[in-house]
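Heads up, the thing below is written out as structure tokens.
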Amino acid sequence: MNYSVAPIGHVRSCFKEKFAIPRQPQLAPAARGVLELLPPYDNGEAVAGLEQVSHVWLLFLFHQALEDKPRLKVRPPRLGGNKSMGVFATRATHRPNGIGQSVVRLEKVEAGRLWLSGIDLLDGTPVLDIKPYVPYADAVAGAVNRMADAPPAPIAVSWSDTALCQAREHALRLAEPLVELIEQCLAQDPRPAYQVPPPERVYGVKFWDVQVRWHYPQPDQIRLLEVVMDQ
Ligand code: SAM
């Protein structure tokens with residue numbers, strides 16, 4: 001038997017493309033967005049009481065990774081992209097039913113809108129459900145995951161004077177912690193693990209409405225080159 005589900009809302013996120021989104025929530029506290037609820041959930045009644053909660057679980061669709069053919073094994077980027085694991089041993093985006101789950105910080109509750117931070121969700125992500133985080137049940141003391149026992153080690157991120165000045169100006173315009181967002185996301189080193197970047201190669205990503213460009217002067221160092229309006 002098949003069941004159907006429908007989004008209760010969509011996330012308006014700082015992340016406009018999949019590249020450079022942290023691999024899990026909480027890794028970039030400056031990553032912010034708004035969950036815009038759809039009728040009938042855009043009524044204040046649906047979120048009454050939620051202001052008592054600091055974090056929520058979001059259940060959502062990996063809408064830009066949905067595929068028809070089931071995969072039994074995947075190659076998680078976290079393991080360098082060259083080791084395959086059973087799909088159910090991972091949090092890969094390519095999975096049965098394409099369902100993701102993230103614990104995110106709830107900054108503000110309004111009728112029809114939840115203001116979030118620490119997100120790892122692409123702009124436009126359809127959300128299927130929201131549940132309050134319950135610390136005594138959801139934080140399991142002594143839990144073990146030998147494949148992912150700690151957050152990825154951050155790499156060094158430095159700024160050119162021009163890029164820092166540009167980022168500060170756009171941060172003011174957007175009223176967003178853009179400098180922190182860039183530093184927190186790039187410190188996760190978004191390039192594919194197998195790629196050794198030549199120093200002349202320029203990488204880029206769109207956060208909010210700006211293009212962020214950087215290069216790797218050394219393989220384990222990022223230097224920001226510019227932060228400019230997306231054309
Ligand atoms: N925390 C979630 C989980 O465990 O189910 C997501 C983990 S998944 C490894 C994180 C990646 O999902 C991000 O790096 C981003 O590139 C990708 N992603 C986020 N939103 C997406 C969407 N709507 N469609 C496809 N991929 C998405």
Side-chain angles (χ1 to χ4, degrees), residues 5-38 55-71 73-106 114 116-133 138-140 143 145 147-155 181-195 203-208 212:
V5 292
I8 52 118
H10 296 90
V11 174
R12 198 153 43 79
S13 160
C14 54
F15 298 121
K16 307 300 178 187
E17 51 190 286
K18 286 188 273 181
F19 185 53
I21 302 182
R23 293 191 185 128
Q24 287 300 339
Q26 314 301 326
L27 293 172
R32 308 199 322 168
V34 181
L35 169 51
E36 296 181 332
L37 296 169
L38 289 168
H55 291 75
V56 288
W57 283 103
L58 298 182
L59 301 177
F60 61 92
L61 280 180
F62 290 116
H63 74 304
Q64 283 203 6
L66 296 174
E67 48 189 20
D68 294 333
K69 197 164 173 283
R71 294 190 195 203
K73 296 203 113 182
V74 293
R75 294 172 187 275
R78 176 75 205 255
L79 300 179
N82 52 13
K83 199 170 164 199
S84 79
M85 308 286 303
V87 65
F88 297 127
T90 78
R91 304 279 282 259
T93 57
H94 295 284
R95 58 191 315 110
N97 298 312
I99 292 179
Q101 57 179 91
S102 295
V103 175
V104 300
R105 186 169 185 90
L106 185 54
L114 301 185
L116 310 168
S117 65
I119 61 176
D120 59 348
L121 306 169
L122 186 61
D123 194 48
T125 294
V127 174
L128 302 176
D129 201 358
I130 306 161
K131 298 192 188 197
Y133 184 79
D138 294 344
V140 181
N145 181 335
M147 287 168 291
D149 57 357
I155 71 166
L181 176 68
I182 294 170
E183 288 179 350
Q184 291 165 6
C185 293
L186 297 195
Q188 313 284 318
D189 196 3
R191 95 193 112 128
Y194 48 83
Q195 228 174 65
Y203 289 74
V205 73
K206 184 175 173 186
F207 292 151
W208 296 115
V212 179

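Ligands are counted one by one from 1 in listed order, and the atoms in each one are counted from 1 as well. Computation of the quantities below employed the complete heavy-atom set of this structure, encompassing side-chain atoms and omitting hydrogens, waters and symmetry-equivalent molecules.
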N/O donor-acceptor pair under 3.5 Å between Gln64 side chain and Lys18 backbone: no
Nearest-option assignment for atom 13 (C) of ligand 1, heavy atoms, candidates Pro22, Ala20, Ser13: Pro22
Minimum-distance protein heavy atom relative to atom 10 (C) of ligand 1: Arg23 O, 3.5 Å
Atoms of ligand 1 close to Gln24 [distance to a heavy atom under 4.0 angstrom, numbered from 1]: 1 (N), 2 (C), 4 (O), 7 (C)
Atom 27 (C) of ligand 1: the protein heavy-atom neighbour that sits closest, reported with distance to 0.1 Å: Phe62 CD2, 3.7 Å
Atoms of ligand 1 close to Gly100 [distance to a heavy atom under 4.0 angstrom, numbered from 1]: 5 (O)
Residue, atom name and distance, where the atom is the protein heavy atom closest to atom 26 (N) of ligand 1: Lys18 CD, 3.6 Å
Atoms in ligand 1 flagged as close to Pro25, the criterion being non-hydrogen separation under 4.0 Å: 1 (N)
Any Pro76 heavy atom less than 4.0 Å from ligand 1: no
Ala92 contact mode with ligand 1 (heavy-atom cut-off under 4.0 Å): neither
Partners passing side-chain hydrogen bond (donor to acceptor under 3.5 Å, both in side chains) against Gln188 (at least two apart in sequence or in another chain): none
Protein contact of atom 9 (C) of ligand 1 - nearest heavy atom, named by residue and atom, plus distance: Arg91 O, 3.3 Å
Enumerated ligand 1 atoms positioned under 4.0 Å from heavy atoms of Thr125: 20 (N), 22 (C), 23 (N)
Where ligand 1 meets His63 - atom numbers and elements under 4.0 angstrom, heavy-atom basis: 22 (C), 23 (N), 24 (N)
Ligand 1 N/O within reach of Thr93 N/O, cut-off under 3.5 Å: no
Shortest protein contact, atom 6 (C) of ligand 1 (heavy atom only): Asp120 OD2, 3.4 Å
Protein heavy atom at shortest distance from atom 2 (C) of ligand 1: Gln101 O, 3.1 Å
Nearest-contact summary for atom 24 (N) of ligand 1 - protein heavy atom, Å: Gln64 N, 3.1 Å
Contact (N/O only, under 3.5 Å) between Pro126 and ligand 1: no
Leu61, portion touching ligand 1 at heavy-atom distance under 4.0 Å: backbone
